[in-house]
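Below is one structure; the comments refer to it alone.
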Amino acid sequence: KASLFERRIVLLIGDINEQKASEAKGALTELSLSSPEKEIFLYLNSNGGDVDSGLGLYDFITLFLKAPVIGIVGAKCLSMALIVLQACAKRIAAPNSIFCIHSVFTEVQILYNATFHTRMREIKHDLNVSFQKGNKILEKHSKISLIDIKKLSLAKNGIGTTFFADKALKMGLIDTIAKGSEYKIF
């Protein structure tokens, strides 16, 4: 990890959760404080994950870091990872990277009592609010309208839409597709 740190590379691999988001924030903070003018490379290969952790990481990158963060997608950038990628000053993807936009899964079939039912409604409401925030972030950083983002999210009964880097580039979700040796950071 020391040599990655020396090269200003932070890895976000696997599911995004509170622990991984905190580790990423810590590494990003140290690198930004050490040289705020130098780029930091955030390498993403993630199925997505926790909405609160992902939105928190997005806010942290966009609001508090002086150093520019370059997002590099090596393979997968699904769900909340796509939201985190939008925080980056430059968004790069390997040609065969896979992306996914989907809705937040909110269906719960178990009803124990009125208190439980009320709490489930509150959770569903909170998830829908987070879903709307994520959609607005995608709209802000891409060429896709909010209406089209909702259509992509709700496609296939809420499973969403999966696509490759070429389509992500056309939609404005990434800035470039890596070619040749220009982005060999490892």
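Applying the side-chain hydrogen bond (donor to acceptor under 3.5 Å, both in side chains) test to residues at least two apart or on different chains, none of the pairs has a partner in residues 131-140. Within the structure, salt bridge (Lys or Arg N to Asp or Glu O under 4.0 Å) pairs that include any residue of residues 59-86 do not occur (at least two apart or interchain). Sequence neighbours left out, the pairs with a member in residues 84-97 that pass salt bridge (Lys or Arg N to Asp or Glu O under 4.0 Å) are R91-D175.
Partners of I147 according to the side-chain contact (heavy atoms from CB on, under 4.5 Å) rule, which considers only residues two or more places apart in sequence or in another chain, are S145, K151. Listed by chain and number, the residues in a side-chain contact (heavy atoms from CB on, under 4.5 Å) with S130 are V51, D52, L55 (sequence neighbours excluded). Residues forming a side-chain hydrogen bond (donor to acceptor under 3.5 Å, both in side chains) with K150 (at least two apart in sequence, or on another chain): none. The side-chain hydrogen bond (donor to acceptor under 3.5 Å, both in side chains) check on S53 picks up D50, with sequence neighbours excluded. Here S142 pairs with I144, L173 under the side-chain contact (heavy atoms from CB on, under 4.5 Å) rule; sequence neighbours left out. Y58 is linked by a side-chain hydrogen bond (donor to acceptor under 3.5 Å, both in side chains) to H141, counting only residues two or more places apart in sequence or in another chain. Contacts of A93 classified as side-chain contact (heavy atoms from CB on, under 4.5 Å), with partners at least two apart in sequence or in another chain: V73, S97, F99, A165, I174.
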Got a list of side-chain donor-acceptor pairs under 3.5 Å for residues 10-18, not counting sequence neighbours?
residue : atom : partner : partner atom : Å
N17     : OD1  : Q19     : N            : 3.1
N17     : OD1  : K20     : N            : 2.8

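Side chains of S79 and H102: a donor on one and an acceptor on the other come within 3.5 Å.
Grouping Ile, Leu, Val, Met, Phe, Trp and Tyr by side-chain contacts under 4.5 Å, direct or through others, puts I98 with L78, F164.
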